[in-house]
Q: 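I'd like to ask you about the structure that follows.
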Amino acid sequence: MGIAIVTGGSRGIGAAIARRLAQAGHDIVVNCASSVDKAEKIAEECRALGVNAMAMQWDVSDHAACEQALAEIKEKMGVPYILVNNAGITRDGLMVRMKEEQFDDVIRINLKGAYNMLQLCGAMMMRAKKGRIINISSISGMVGNFGQINYCAAKAGLIGMTKTAAKELGARGITVNAVAPGFIDTDMTAGLAEDLKEGAKKQIALGRFGKPEEIAAAVAFLASDEASFITSQTLVVDGGMI
Ligand code: NDP
């Protein structure tokens, strides 16, 4: 068992991953951008499962803030064994109308943010000669999606980063994989128009949106000893949509 950092662990998929990894016996760092109370509540739930857990606010897109957070984690808990790059945002809009800021914000948080954590944690894991990294991509990054050119570029980028990091870190016994969820019931999808949601469900073999716990189960598997020979992969968890 080791220390697991879950970025964007205050809500939705990240919160479910934090709980699931705590259930597996890992100590947890619950990161958030601003909802500290929610992150603290998830950390409390993890502690109730018998592990050490702390909530920490920092912006993953800020490299210096990531460095500072990791120094604090190392001092208070130790070297991370698991990194789950889950923090993400959407700023949807059709390409021809998209503002530069919409594009930049999504790339900065979803792609550069994951890179910051991957680079810094990767260096620590290399010294420890062990580690598990799981990047939360999306099926949108694999097949594209109307109104999400920024998000799809970032999520496709995460898959390329996963494959490169897997090559660079593999010799030190570190695995790097991605999970690509389909439509999952969280705050991120709550605001979608009803007709869009119904249309999406028709394309899903299982006929429904997934639950955050169903993504957490895939992450927990990739983080487990049983997945020791799996690296550089993207595991699609979409109820049979793509
Ligand atoms: P939510 O919107 O429910 O939660 C997003 C989380 O990311 C929050 O914890 C938020 O913190 C955190 N966050 C946002 N920006 C930053 C930042 N700059 N630094 C640190 N943390 C940040 O999202 P979901 O749970 O739905 O999604 C989680 C991941 O799964 C995302 O990467 C998303 O792209 C991906 N995904 C989701 C799908 C879905 O259908 N829901 C489908 C495919 C992929 P705070 O609470 O403080 O705002």
Side-chain angles (χ1 to χ4, degrees), residues 2-24 26-49 51-92 104-121 124 132-138 150-151 154-155 158 178-179 181 184-191 211-216 219-220 223:
I3 295 145
I5 300 175
V6 184
T7 69
S10 51
R11 297 186 275 129
I13 294 172
I17 293 170
R19 285 190 206 100
R20 184 65 187 75
L21 293 177
Q23 259 170 28
H26 299 289
D27 292 336
I28 310 287
V29 177
V30 184
N31 156 262
C32 67
S34 57
S35 46
V36 183
D37 290 354
K38 286 184 183 158
E40 186 46 57
K41 193 176 153 278
I42 304 300
E44 232 172 77
E45 287 177 30
C46 293
R47 286 193 290 271
L49 292 165
V51 300
N52 189 7
M54 67 178 181
M56 281 180 79
Q57 181 275 327
W58 81 88
D59 177 355
V60 293
S61 72
D62 178 342
H63 194 274
C66 293
E67 231 174 335
Q68 206 180 325
L70 280 166
E72 194 179 328
I73 291 164
K74 193 176 165 196
E75 190 194 309
K76 291 190 176 154
M77 294 173 93
V79 171
Y81 172 59
I82 299 166
L83 166 66
V84 185
N85 271 319
N86 165 80
I89 61 162
T90 50
R91 295 282 184 270
D92 296 353
D104 290 350
D105 283 352
V106 169
I107 298 294
R108 185 171 50 78
I109 294 174
N110 296 14
L111 186 61
K112 172 78 176 348
Y115 165 75
N116 287 340
M117 292 302 296
L118 180 57
Q119 189 206 28
L120 294 164
C121 286
M124 292 167 96
R132 290 275 197 273
I133 298 171
I134 296 118
N135 296 317
I136 307 300
S137 177
S138 166
N150 48 2
Y151 186 80
K155 294 300 186 182
L158 271 177
V179 170
I184 309 300
D185 272 321
T186 67
D187 293 345
M188 192 175 267
T189 49
K211 298 191 266 300
E213 290 72 23
E214 292 175 310
I215 303 303
V219 171

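All values derive from a computational prediction rather than experimental measurement.
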Q: Strictly by side chain to side chain donor-acceptor pair (under 3.5 Å), give each pair with a member in residues 76-89 just once, sequence neighbours left out.
A: E72-K76, N85-N135

Q: Heavy atoms only: give me the nearest S10-I42 pair and the separation to one decimal.
A: O-CG1, 3.9 Å

Q: Just by modelled atom types, is the G8 backbone N or O under 3.5 Å from a matching donor or acceptor in the N31 side chain?
A: yes

Q: For residues N110 and K155, report the shortest heavy-atom separation together with the two atoms involved.
A: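 Scanning both residues, the minimum pair turns out to be ND2-CE, 4.2 Å.
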
Q: Taking all heavy atoms of L21 and all of A223, pick out the closest pair and write down the distance.
A: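 Minimum heavy-atom separation between L21 and A223: CD2-CB, 4.1 Å.
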
Q: Quick one, S35 and R11 - any side-chain contact, counting heavy atoms below 4.5 Å?
A: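 Counting from C-beta outward, S35 and R11 do come under 4.5 Å.
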
Q: Quick check: do I17 and R20 have side-chain heavy atoms less than 4.5 Å from each other?
A: no

Q: I need the I73 CD1 to C121 SG distance, nearest 0.5 Å.
A: 7.0 Å

Q: Can you check whether V79 reaches K74 side chain to side chain, under 4.5 Å on heavy atoms?
A: yes

Q: Heavy-atom distance under 4.5 Å between the side chains of L120 and H63, does that happen here?
A: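 Result yes, sub-4.5 Å side-chain heavy-atom pair found.
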
Q: With a 4.5 Å cut-off on side-chain heavy atoms, are R108 and D59 touching?
A: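 Contact flag for D59/R108 side chains = yes.
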
Q: Looking only at heavy atoms, which two atoms of I215 and P181 are closest? And how far apart?
A: CD1-CB, 3.5 Å

Q: Give the minimum heavy-atom separation between C66 and M117, together with the two atoms involved.
A: SG-SD, 3.6 Å

Q: Looking only at heavy atoms, what is the nearest atom pair of I107 and N150, with distance?
A: CD1-O, 3.8 Å

Q: Nearest 0.5 Å, please: how far is CG in D92 from OH in Y151?
A: 8.5 Å

Q: Looking at CD of E214 and CD1 of I184, how far apart are the two atoms once the value is rounded to the nearest 0.5 Å?
A: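 If we round to the nearest 0.5 Å, E214:CD and I184:CD1 are 7.0 Å apart.
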
Q: Should we count CD of Q23 as having more than 12 external heavy atoms under 6.0 Å?
A: yes

Q: Any side-chain to backbone donor/acceptor pair from T7 onto A87? Under 3.5 Å, distance only.
A: yes

Q: Let me confirm one number: the CG-CG distance from N116 to L111, rounded to the nearest 0.5 Å.
A: 10.0 Å

Q: Checking side-chain contact (heavy atoms from CB on, under 4.5 Å) between V219 and each of V84, I82, I13, which is the one that passes?
A: V84

Q: How long is the gap from CD on E67 to CG on D62, to the nearest 0.5 Å?
A: 10.0 Å

Q: Nearest 0.5 Å, what's the CD1-CZ distance between I28 and R47?
A: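 If I round to the nearest 0.5 Å, the distance is 11.5 Å.
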
Q: Which residues pass the side chain to side chain donor-acceptor pair (under 3.5 Å) test with E44, not counting sequence neighbours?
A: none

Q: With side chains defined as the heavy atoms from C-beta onward, is the minimum distance between T90 and V106 less than 4.5 Å?
A: no

